[in-house]
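Side chains are part of it too, since the values below use all heavy atoms of this structure and drop only hydrogens, waters and symmetry mates. Counting from 1, the numbers follow the sequence of the chain as shown. Just so you know, ligand 1 is whichever comes first in the structure, and atom 1 is the first atom listed for that ligand.
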Amino acid sequence: MDNSEQARERIRYLSDLLTEYNRAYYQDDNPVVSDYSFDLLLKELEDLENRFPSLRLPYSPTQRVGGEPVRNFKTVHHKVPMLSLANTYSREEVAEFDTRLRKLTEEKFDYVCELKYDGLSISLTYRDGVLAQALTRGDGLKGDDVTANVKTIRSVPLRLSGGDYPKEFEIRGEVVMPHTSFYELNRQREEIGEVPFANPRNAASGSLKLQDPAQVAQRRLDCFLYFLIGETGQKLHSERLEKARAWGFQTGGYYKRCADLQQVYAFIDYWDKERENLPFDIDGIVIKVNDTSLWPLLGNTAKSPRWAIAYKFKAQRVLTRLESISFQVGRTGAVTPVANLAPVLLGGTMVKRASLHNADIIRKLDVRIGDEVYVEKGGEVIPKIVGVEVSRRKAGTEAFGFITHCPECGTALVRKEGESGHYCPNEEGCPPQIKGKLEHFISRKAMDIDSLGEGKTELLYGKGLVRNVADFYDLKYQDLFALEKTIAGKDGEKRQLSFKEKTVENILGGIARSKKQPFERVLYAIGIRYVGEATAKVLARHFGSMEALMAADYGQLREVEEIGEVIACTVSEFFTRPQEREIVARLTAAGLNMVYEEVRISDSLQGTNWVVSGTFSRSREEMKRLVEFHGGKMLSGISSKTDYVLAGEKMGPEKRKKAEKEGIPIISEAEFYTMIGGEPTLEALNRLQSDSSTESSSNVAAPTASSTVRPPVQGDLFA
Ligand code: IVH
């Protein structure tokens with residue numbers, strides 16, 4: 001048996017095994033392997049597929065990490081229109097719904113009550129048991145083809161189990177963002193100065209519309225299916241749900257058959273309270289006639305079926321007094337108004353504060369100190385003020401004027417064109433901004449100095465020992481030894497704790513070790529606005545050193561393909577500031593890495609300039625890296641400087657024309673491999689993998705995302 005036969009077998013084996021593991025995890029809620037073992041097998045499969053791209057199976061679990069970005073989603077007509085549901089907010093209306101139906105048919109029937117997931121609806125088509133297409137609802141008649149994105153959702157089966165599914169069928173459900181993913185996403189967004197999503201629904205819908213599936217994979221979406229379309233062999237909707245579960249779909253298992261209205265009400269009451277404990281948002285429950293043979297008889301209105309209705313939970317709302325408005329300054333200088341309320345019970349929790357978002361919202365609501373205000377807790381996780389009871393307003397109150405100066409440092413606030421938020425521009429002197437920068441610097445994905453965690457940074461800042469990130473590297477033993485910290489004991493009493501030898505050694509050891517972090521991390525750690533991990537890597541790779549990056553002007557930054565207007569502006573502006581330049585100089589003197597360590601496998605392309613276009617057996621990004629591994633330089637567009645165009649399938653006709661006109665040789669993928677001395681070596685593949693691990697890290701919790709050397713796994717057989 002030759003290598004490729006062995007690879008074929010192993011690829012099938014791994015794809016099937018991992019599909020089974022996924023199913024055990026997501027559908028049966030019964031994991032059978034550790035995350036670590038799962039990751040190893042997935043990695044092995046990925047490596048094999050990279051080496052033998054034609055052997056990748058259509059249901060391969062590696063698609064979970066996301067494929068090539070798409071420019072525009074294809075619009076596709078739904079075979080069956082995606083209807084909506086009629087809403088009700090009261091039991092009376094539910095009773096009317098029941099009476100209406102019982103008049104339309106003599107048949108006895110019961111209901112199925114389900115959760116009404118608060119996300120966005122999706123329609124999945126399976127052919128021969130393999131996920132073939134995923135469409136958004138769109139306008140109900142046609143939606144966007146988001147297949148590549150949906151494939152990254154781990155709870156959506158790429159291949160079904162059992163064998164009794166129709167050859168081709170559609171199933172519909174809801175894509176949601178679980179609370180944990182939502183919090184993590186917003187934390188990351190705030191870290192790089194992006195506006196956080198208001199609620200998980202917006203976050204889910206924003207995520208599904210991203211053009212890069214690898215990014216979607218990181219959003220950790222979830223999907224519940226609740227509606228099998230067409231004739232599937234089961235008469236009852238509840239049987240269809242059971243069947244769907246057996247085929248591998250996540251149906252949630254929260255539904256219940258209800259024989260009468262009393263049982264329906266009990267289900268509503270139960271979930272109205274219990275929804276607080278769910279790991280995702282629901283906004284009501286859906287009541288469906290269980291006997292699907294009655295559905296055609298009961299029919300549809302223009303917008304919704306008559307056999308189902310949605311009971312929407314009322315957003316919990318209370319009236320309370322607005323005592324004051326205070327302002328929080330975040331790490332990026334964003335100023336957020338917060339309402340301080342007379343404490344009031346809302347949905348089981350005591351609420352004392354509510355979000356007011358920004359100056360525009362305050363003006364629109366015309367809230368005034370002392371007003372009685374309505375506070376609501378709806379889909380949003382944080383309660384918000386939704387209105388004022390003007391009839392109870394006291395005479396003599398005044399419209400609230402937004403603050404003009406930073407409450408922390410007194411600097412005049414600024415408001416950027418087209419943005420609703422106010423910012424404190426005093427990045428260098430505003431305490432919460434400085435503390436934020438220090439914390440970002442030591443964080444795990446930056447310099448990873450965990451010995452400085454747990455409030456130690458704040459203490460060092462408070463004692464005046466650290467004022468900027470370069471100060472960490474000047475800390476001496478005697479600065480830290482016996483440093484006192486006040487902590488609250490279990491009894492609530494405050495105690496003094498002083499740093500002992502071991503703590504000090506730990507801190508200094510951690511700081512010293514951080515000097516080994518690669519340049520791209522240093523670049524991320526110094527906290528340039530909008531420069532996240534991926535951007536730092538792009539910049540490090542492109543410019544090669546801090547010196548070159550600092551010397552680059554706006555135009556040179558814009559030449560980098562992935563760098564847009566905003567980042568080019570913030571980066572060039574950052575390095576014009578003398579304070580930042582001084583910090584970089586001190587970090588350099590302290591011995592941090594300021595040069596990008598290039599992976600160089602050969603010099604076969606030394607001195608040549610390349611443009612890559614079209615699709616290849618590996619991602620375009622990986623092809624570009626291969627050019628660089630062999631000494632070539634990447635250019636963003638075809639010009640007289642271009643020596644070669646590396647062309648994959650579907651290369652843009654415009655580009656081809658231009659290359660031909662300029663007389664630039666067009667090289668195919670196979671020819672390219674010849675130029676670099678054969679198909680990529682295992683070393684190259686490993687570097688490609690480890691290098692892209694932070695940008696398109698798999699959906700699986702990786703034990704060490706930054707590890708560069710792959711542990712030996714069975715696939716090495718083919719090396
Ligand atoms: S059934 C033909 N079941 O609510 C009706 N919808 O307001 C098919 N939704 O567009 C929908 N949970 O996006 C159904 N258990 C559930 C649901 C559900 C959430 C969404 C769905 C629908 C919207 C209608």
Side-chain angles (χ1 to χ4, degrees), residues 78-89 93-94 97 101 111-124 134-144 146 150 153 155-156 169-178 199-202 204-205 208-209 221-230 232 236-238 240-242 244-245 249-258 264 267-268 270-272 274-275 278-292 294-315 378-379:
H78 292 294
K79 286 215 181 95
V80 179
M82 282 183 87
L83 299 180
S84 180
L85 290 170
N87 288 330
T88 100
Y89 289 88
E93 283 173 353
V94 175
F97 162 76
L101 293 190
Y111 293 108
V112 171
C113 286
E114 298 169 10
L115 303 186
K116 186 168 180 332
Y117 301 99
D118 197 9
L120 66 150
S121 38
I122 194 89
S123 189
L124 310 177
L135 300 179
T136 61
R137 179 169 187 277
D139 62 4
L141 296 174
K142 49 189 188 321
D144 285 337
V146 288
V150 167
I153 304 175
S155 50
V156 172
F169 71 97
E170 245 180 272
I171 186 165
R172 291 179 180 169
E174 201 88 352
V175 172
V176 298
M177 184 175 281
N199 55 48
R201 184 188 351 101
N202 292 0
S205 117
L208 211 56
K209 296 198 174 125
L221 296 166
D222 208 344
C223 182
F224 293 96
L225 284 310
Y226 46 64
F227 189 25
L228 264 172
I229 306 278
T232 51
L236 297 182
H237 175 64
S238 54
R240 291 185 176 183
L241 289 176
E242 279 311 314
R245 211 185 79 79
F249 294 105
Q250 176 169 256
T251 49
Y254 301 102
Y255 59 87
K256 194 169 183 290
R257 283 181 71 164
C258 294
V264 171
F267 189 86
I268 292 177
Y270 177 79
W271 283 108
D272 198 0
E274 207 41 43
R275 66 178 158 136
L278 281 170
F280 48 81
D281 281 351
I282 60 171
D283 59 346
I285 70 145
V286 180
I287 306 155
K288 297 176 182 171
V289 170
N290 196 9
D291 186 344
T292 67
L294 295 176
W295 291 3
L297 182 99
L298 299 171
N300 301 328
T301 69
K303 277 199 229 137
S304 48
R306 286 205 186 81
W307 43 264
I309 196 165
Y311 175 92
K312 299 254 275 188
F313 294 132
K314 283 183 209 69

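When each of C223, S121, S205 is tested with V175 by the rule side chain to side chain contact (heavy atoms under 4.5 Å, CB included), just one qualifies, namely C223. Exactly one residue among F227, Y226, W295 makes a ring pair (Phe, Tyr, Trp, His ring centres under 6.0 Å) with H237. That residue is W295.
Remark: the backbone N or O of L141 is paired with a side-chain donor or acceptor of D139 at under 3.5 angstrom.
Looking only at protein heavy atoms, the nearest one to atom 24 (C) of ligand 1 is L85 N, 3.5 Å. Remark: minimum distance from atom 8 (C) of ligand 1 to any protein heavy atom is reached at F227 CD2, 3.8 Å.
Taking the side chain as every heavy atom from C-beta outward, L135 and H78 approach each other to under 4.5 Å. Here the side chains of K79 and I229 are not in contact, with every heavy-atom distance at 4.5 Å or above.
Inclusion of Y117 in the set of residues having an N or O under 3.5 Å from an N or O of ligand 1 is warranted. Close N/O approach between K288 and ligand 1 is found [any backbone or side-chain N/O within under 3.5 Å]. For the pair L115 and ligand 1, the shortest N or O to N or O distance falls below 3.5 Å.
Of the candidates K116, E114, M82, K116 brings a heavy atom nearest to atom 23 (C) of ligand 1. Of the candidates K312, R137, E174, the one placing a heavy atom closest to atom 13 (O) of ligand 1 is E174. Nearest-heavy-atom check against atom 17 (C) of ligand 1 across Y255, F224, Y226 picks out Y226.
Residue-ligand proximity: P305 is placed with a non-hydrogen atom under 4.0 Å from ligand 1. Under a 4.0 angstrom heavy-atom cut-off, S84 registers as being in contact with ligand 1.
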Exercise for review: Could you please spell out the steps behind the side chain to side chain contact (heavy atoms under 4.5 Å, CB included) verdict for F97 and Y111?
Suggested key: CA-CA 12 Å; F97 162 76; Y111 293 108; 3.7 Å; yes
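Using bins of under 30°, 30° to 60° and over 60° for the plane-to-plane angle, the ring pair F280/Y254 lands in the perpendicular bin.
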